[in-house]
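Inspection log for the structure reproduced underneath, given as structure tokens.
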Amino acid sequence: QQKVQQSPESLTVSEGAMASLNCTFSDGTSNNFRWYRQHSAKGLEVLVSIFSDGEKEEGRFTAHLNRANLHVSLHIREPQPSDSAVYLCAVSMNSGSWQLIFGSGTQLTVMP
Amino acid sequence: AQTIHQWPVAEIKAVGSPLSLGCTIKGKSSPNLYWYWQATGGTLQQLFYSITVGQVESVVQLNLSASRPKDDQFILSTEKLLLSHSGFYLCAWTSTGVEVFFGKGTRLTVV
């Protein structure tokens, strides 16, 4: 059973400083990896999807995937107070149903 | 373009009362459909998935049931709500697993 863990649980950064979030998973055969953002238990906003080892950039959001280390990270460049939210890592497994396994999230607070 | 619609947006229900949450996908035939649940402050958990009409698989037991009466419709229900059913419910669909599309969710408060 795939397990997804995120760290830190919460992170406070100053506006403009780089924010780095981490996600580890237990099964390296996973198909793809996503980072979502969730404001106050509302719907999910997909930020970055990454399928291969290396780096994927979407605007100010960059994901790094290292399957060998069972690790995927998210870096947020020049964060703004409006980026304050819960960030969720999700790992996709094709077990016949394309199951998404979520981590418990990192609460990011960006101080002005 | 494909759209996903969840209803209702929010519900306040009494313990022991019935519940029905709905999800409709337009513009895509034969999608894989999913129900997710998130307790307040908790992790998003997949509850059910459906690959085809009439077939639903349970992933987590929460005294809830799901049905897929039509290709584009996914229903989550129970006859008797528990306090522990409170939380945020999300419907999602995918066809390839490459992109997963989520609805805007339903906030359920059981009192």
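Within every chain, numbering begins at 1; the chains are lettered A, B, ... in the order of the sequence lines, protein sequences first and strands thereafter.
- Counting non-hydrogen atoms of neighbouring residues, nucleotides and ligands closer than 6.0 angstrom, the CE atom of A/Met18 exceeds 12 such neighbours.
- Heavy-atom distances place no part of B/Phe101 under 4.5 Å from chain A, backbone and side chain included.
- There is no contact between A/Ile101 and chain B, counting heavy-atom distances below 4.5 Å.
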Determine, stepwise, if the pair A/Leu44 / B/Leu44 fulfils side chain to side chain contact (heavy atoms under 4.5 Å, CB included).
CA-CA 11 Å; A/Leu44 300 183; B/Leu44 265 171; 3.7 Å; yes

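- For A/Ser104, the parts sitting under 4.5 Å from any heavy atom of chain B are the backbone and the side chain alike.
- With rounding to the nearest 0.5 angstrom, the CD atom of A/Gln38 is 9.5 Å from the CZ atom of B/Phe102.
- Residue A/Gln5 qualifies as open at atom CD: its count of foreign heavy atoms under 6.0 Å is 12 or below.
- By the neighbour-count criterion of 12 heavy atoms within 6.0 Å, atom NZ of B/Lys28 is sparsely surrounded, having that number or fewer from other residues, nucleotides or ligands.
- A/Tyr36 places a side-chain heavy atom less than 4.5 Å from the side chain of B/Val100.
- Follow the hydrophobic side-chain contacts under 4.5 Å out from B/Ile51 and you reach B/Val56 in the same cluster.
- Under the 4.5 Å side-chain heavy-atom criterion for grouping Ile, Leu, Val, Met, Phe, Trp and Tyr, B/Leu83 is connected to B/Leu21 within one hydrophobic cluster.
- Under the 4.5 Å side-chain heavy-atom criterion for grouping Ile, Leu, Val, Met, Phe, Trp and Tyr, B/Leu64 is connected to B/Val60 within one hydrophobic cluster.
- Here the OG1 atom belonging to B/Thr43 is positioned 8.5 Å from the CD atom belonging to A/Gln6, to the nearest 0.5 angstrom.
- In this structure, CZ in A/Arg34 is found 8.0 Å from CD in B/Glu99, a value given to the nearest 0.5 Å.
- The same ILVMFWY cluster, assembled from side-chain heavy atoms under 4.5 Å apart, contains both A/Trp35 and A/Leu11.
- Proximity to chain A (any heavy atom under 4.5 Å) is restricted, for B/Leu90, to the side chain, taken from C-beta onward.
- Neither the backbone nor the side chain of B/Gln45 comes within contact range of chain A; no heavy atom of the residue lies under 4.5 Å from a heavy atom of that chain.
- The cluster map of Ile, Leu, Val, Met, Phe, Trp and Tyr, joined by side-chain heavy atoms under 4.5 Å apart, puts A/Val46 and A/Leu88 in the same cluster.
- Shortest non-hydrogen contact noted between A/Leu100 and B/Gln46 is N-NE2, 3.9 Å.
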